[in-house]
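Owing to the predicted nature of the structure, the values given are computational and were not obtained by experimental measurement.
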Amino acid sequence: MKKLTLSIVVIIVLVAAGAWYSTRMPTTPLADTNSSELNASELIAKGEYVARASDCVACHTIPDSPAFSGGLKMATPIGAIYSTNITPDKTHGIGHYTLADFDRVVRHGVAPDGHRLYPAMPFPSYVKLSDDDVKALYAYFMHGVKASDKPNQESDIPWPLNMRWPLAFWSGLYTDSGSYQAKADQDEQWNRGAYLVQGAGHCGSCHTPRGLAMQEKALDESSEQFLAGALLDGWYAPSLRNDHNTGIGRWSEEDVYQFLKNGRNQHAVVYGSMTDAYNNSTQFMSDEDLYAMAHYLKSLPGDEQRDGKPWQHEPTTVTASMAAKDAGAKTYLARCSACHGTDGMGRGEYIPPLAGATSMLAKEDDSAINVTLNGSGRIVSHGVPDAYRMPPFRQHLSDKEIAEVLSFIRTSWGNHGGAVKVENVKALREKTDPASSQVIILQMR
């Protein structure tokens with residue numbers, strides 16, 4: 001009887017502790033700050049820059065809707081969720097938030113009413129933002145953004161999977177606590193780059209592989225998993241480490257800077273999910289910050305065991321005689337060579353090379369299939385839309401033809417990504433859509 005009573009007591013204590021933990025409000029160092037005083041023009045301008053660096057607009061704005069009024073549909077394995085209105089509207093937005101409320105949402109993923117945010121909101125990265133940057137963000141969203149009364153849309157996740165309290169335990173297990181702390185053994189540029197990559201830029205949200213609980217397997221450079229590449233929404237976000245094949249091992253710091261500033265360099269052009277990040281975020285950042293990010297990323301070592309034998313260029317020209325023997329070569333000569341060249345080397349920085357391209361060396365073939373099926377979105381650099389765009393081939397090539405041409409490309413010019421299966425093309429055709437040909441730059445004011 002005593003053992004039974006003790007067991008009941010233990011269960012009650014555990015349940016009570018769990019209930020407290022899952023409903024508690026995180027502490028914030030900004031609780032005593034007077035929110036009404038955060039309206040200086042300099043602070044608002046700084047907040048706008050932090051919002052650009054954090055790419056808030058990409059998720060919280062959709063075309064033909066007011067800036068930051070939400071509505072972006074984001075698919076999850078258990079149903080779709082929708083980004084929320086974060087304008088200063090007091091009914092549907094965040095106009096009633098105090099600075100402490102705002103801080104808990106941004107850095108901890110907890111709304112003022114206590115409900116937990118899904119980690120589609122990258123609070124595991126934003127927790128590293130400094131107090132000063134959070135204050136500036138608050139000033140910008142309260143005084144630099146026009147209020148919109150657009151209502152929020154409920155998620156499509158069914159009960160009981162839509163219960164939020166378990167996310168408290170997820171956050172406790174898979175997020176760090178506290179702002180970024182500079183590493184004493186690194187210089188100022190490295191630390192600034194680390195802060196931007198790990199925090200505001202939330203690069204790991206796409207480029208770090210995830211575990212069974214959909215958590216990022218690493219949150220900083222202390223793990224070789226950090227920024228090592230990951231599959232996400234039909235794209236393969238490549239490694240941002242110094243991996244020779246699947247990362248930026250063949251890029252210089254200047255190459256990384258050019259990619260972030262201009263959307264292209266001698267190795268690659270932005271496409272897929274990175275198009276929005278470039279169009280609405282990185283190109284607006286200062287040269288100093290972009291070079292800091294490049295400096296930090298180039299300090300991350302690659303993993304030769306994971307990455308495989310380094311790519312070596314094998315100069316080859318696709319000829320008519322080759323096309324007569326190989327169906328993939330035939331399609332390449334007819335459909336691809338005019339832009340990418342019979343040698344696979346592209347056209348300078350405007351049309352990227354396929355020889356040595358990450359998407360043609362990675363074992364994951366999603367990006368290669370996706371961009372061939374659906375084409376690429378418009379890149380708008382410094383207000384000017386690009387003149388060249390990868391067209392969608394879903395209406396022109398069958399699944400078999402796409403598999404054949406990609407198999408040819410991924411095994412030519414020294415590429416060793418391997419053959420593409422017809423069923424992989426079919427699967428992505430069914431669950432993806434063509435890239436928009438519209439020029440979409442989401443306005444922040």
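Annotation: the span from Y174 atom OH to L167 atom CG amounts to 12.0 Å, rounded to 0.5 Å. For the atom pair CD1 of I248 and CG of L297, the computed distance is 5.0 Å after rounding to the nearest 0.5 Å. Residue H60 holds its NE2 atom at 11.5 Å from OG1 of T87, rounded to the nearest 0.5 Å. We find the CG-CG distance between L30 and L99 to be 4.5 Å, quoted to the nearest 0.5 Å. L137 CG to Y49 OH: the interatomic distance, rounded to the nearest 0.5 Å, is 12.5 Å. Considering CG of L117 and OG1 of T84, their distance stands at 7.0 Å, rounded to 0.5 Å.
Between W413 and F408, the two ring planes are perpendicular [angle over 60°; tilted spans 30° to 60°]. Using a 30° and 60° split on the angle between ring planes, Y257 and Y291 fall in the parallel class, below 30°.
Salt bridge E404/K400: present, at least one basic N to carboxylate O contact under 4.0 Å. Using a cutoff of 4.0 Å between basic side-chain nitrogens and carboxylate oxygens, D103 and K135 are not scored as salt-bridged. Salt-bridge formation is detected for the pair D399/R429: a Lys NZ or Arg NE/NH1/NH2 atom is positioned less than 4.0 Å from an Asp or Glu carboxylate oxygen. Salt bridge annotation for R241-D303: absent, with no cationic side-chain nitrogen under 4.0 angstrom from a carboxylate oxygen. Taking a cutoff of 4.0 Å between a charged side-chain nitrogen and a carboxylate oxygen, D131 and R107 qualify as a salt bridge.
When atom types are taken as modelled, the side chain of S125 and the backbone of G199 share no donor-acceptor pair closer than 3.5 angstrom. Formation of a donor-acceptor pair under 3.5 Å by the R210 side chain with backbone atoms of S205 is found in this model. At distances below 3.5 Å, not a single donor-acceptor pair connects side-chain atoms of H115 with backbone N or O atoms of V110. Of the possible donor and acceptor atoms, one in the side chain of R250 sits under 3.5 Å from a partner among the backbone N and O of H244. A distance-only check finds no donor-acceptor pair linking the side chain of S376 to the backbone of Y271 [under 3.5 Å]. Remark: side-chain polar atoms of R264 are paired, donor with acceptor, to backbone N or O of E349 under 3.5 angstrom. When atom types are taken as modelled, the side chain of S321 and the backbone of T319 share no donor-acceptor pair closer than 3.5 angstrom. When atom types are taken as modelled, the side chain of T61 and the backbone of A58 share no donor-acceptor pair closer than 3.5 angstrom. A donor-acceptor contact shorter than 3.5 Å is absent between the side chain of E254 and the backbone of S252. Using a distance-only test at 3.5 Å, with no hydrogens or angles considered, a donor-acceptor pair links the side chain of D307 to the main chain of T246.
Within the 4.5 Å cutoff, no side-chain heavy atoms of P353 are placed close to those of H340. Between L406 and D365, the closest side-chain pair of non-hydrogen atoms is not below 4.5 Å. Side-chain atoms of H108 and S171, non-hydrogen and from C-beta on, never get closer than 4.5 Å to each other. Within the 4.5 Å cutoff, the side chain of E154 has no heavy atoms near those of the Y82 side chain. Side chains of V405 and R335 form no contact here, defined as non-hydrogen atoms less than 4.5 Å apart. Residues D433 and N374 form no side-chain contact, since every pair of their non-hydrogen atoms from C-beta on lies 4.5 Å or further apart.
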Legend entry - Evaluation steps, side chain to side chain donor-acceptor pair (under 3.5 Å), between D220 and S222: CA-CA 6 Å; D220 60 37; S222 63; 2.4 Å; yes
Inset, instruction - Given side-chain contact (heavy atoms from CB on, under 4.5 Å), test M345 with H313 step by step and report yes or no. - result: CA-CA 10 Å; M345 294 304 292; H313 184 215; 3.8 Å; yes
Inset, instruction - Applying side-chain contact (heavy atoms from CB on, under 4.5 Å), run through C206 and E216 and close with a yes or a no. - result: CA-CA 9 Å; C206 290; E216 295 170 46; over 6 Å; no
Inset, instruction - Check the pair H295 / D187 against side-chain contact (heavy atoms from CB on, under 4.5 Å), numbers first and verdict last. - result: CA-CA 10 Å; H295 181 64; D187 60 28; 3.7 Å; yes
Legend entry - Stepwise side chain to side chain donor-acceptor pair (under 3.5 Å) test for Y350 and D386: CA-CA 9 Å; Y350 294 99; D386 61 349; over 6 Å; no
Inset, instruction - List the steps, then state whether side-chain contact (heavy atoms from CB on, under 4.5 Å) holds for W190 with S299. - result: CA-CA 8 Å; W190 187 97; S299 75; 2.9 Å; yes
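In K330, the NZ atom is not crowded: 12 or fewer heavy atoms of neighbouring residues, nucleotides or ligands sit closer than 6.0 Å. A 6.0 Å sphere centred on NZ of K426 holds no more than 12 heavy atoms belonging to other residues, nucleotides or ligands. Residue E423 qualifies as enclosed at atom CD: its count of foreign heavy atoms under 6.0 Å is above 12. Residue K421 places its NZ atom among 12 or fewer non-hydrogen atoms of other residues, nucleotides or ligands, all under 6.0 Å distant. Around the NZ atom of K73, the shell of radius 6.0 Å holds no more than 12 heavy atoms that belong to other residues, nucleotides or ligands.
Nearest heavy atom pair, residue Y126 against residue S54, reads OH-O, 2.8 Å. Looking at every heavy atom in both residues, L361 comes nearest to G356 through CD1-O, 3.5 Å. Between A362 and Y236 the shortest heavy-atom distance is CB-CE2, 3.9 Å. In this structure, G377 and A435 approach most closely via the heavy-atom pair N-CB, 3.8 Å. Among all heavy-atom pairs drawn from I379 and Y278, the shortest one is CG2-CE2, 3.6 Å.
Using modelled atom types, one finds no donor on one side chain facing an acceptor on the other under 3.5 Å when comparing N370 with D366. For the residue pair Y195 / S179, no side-chain donor-acceptor distance below 3.5 Å is found, with atom types taken as modelled.
Of the residues E253, Q198, Q189, the one that meets the side-chain hydrogen bond (donor to acceptor under 3.5 Å, both in side chains) test with Y296 is Q198.
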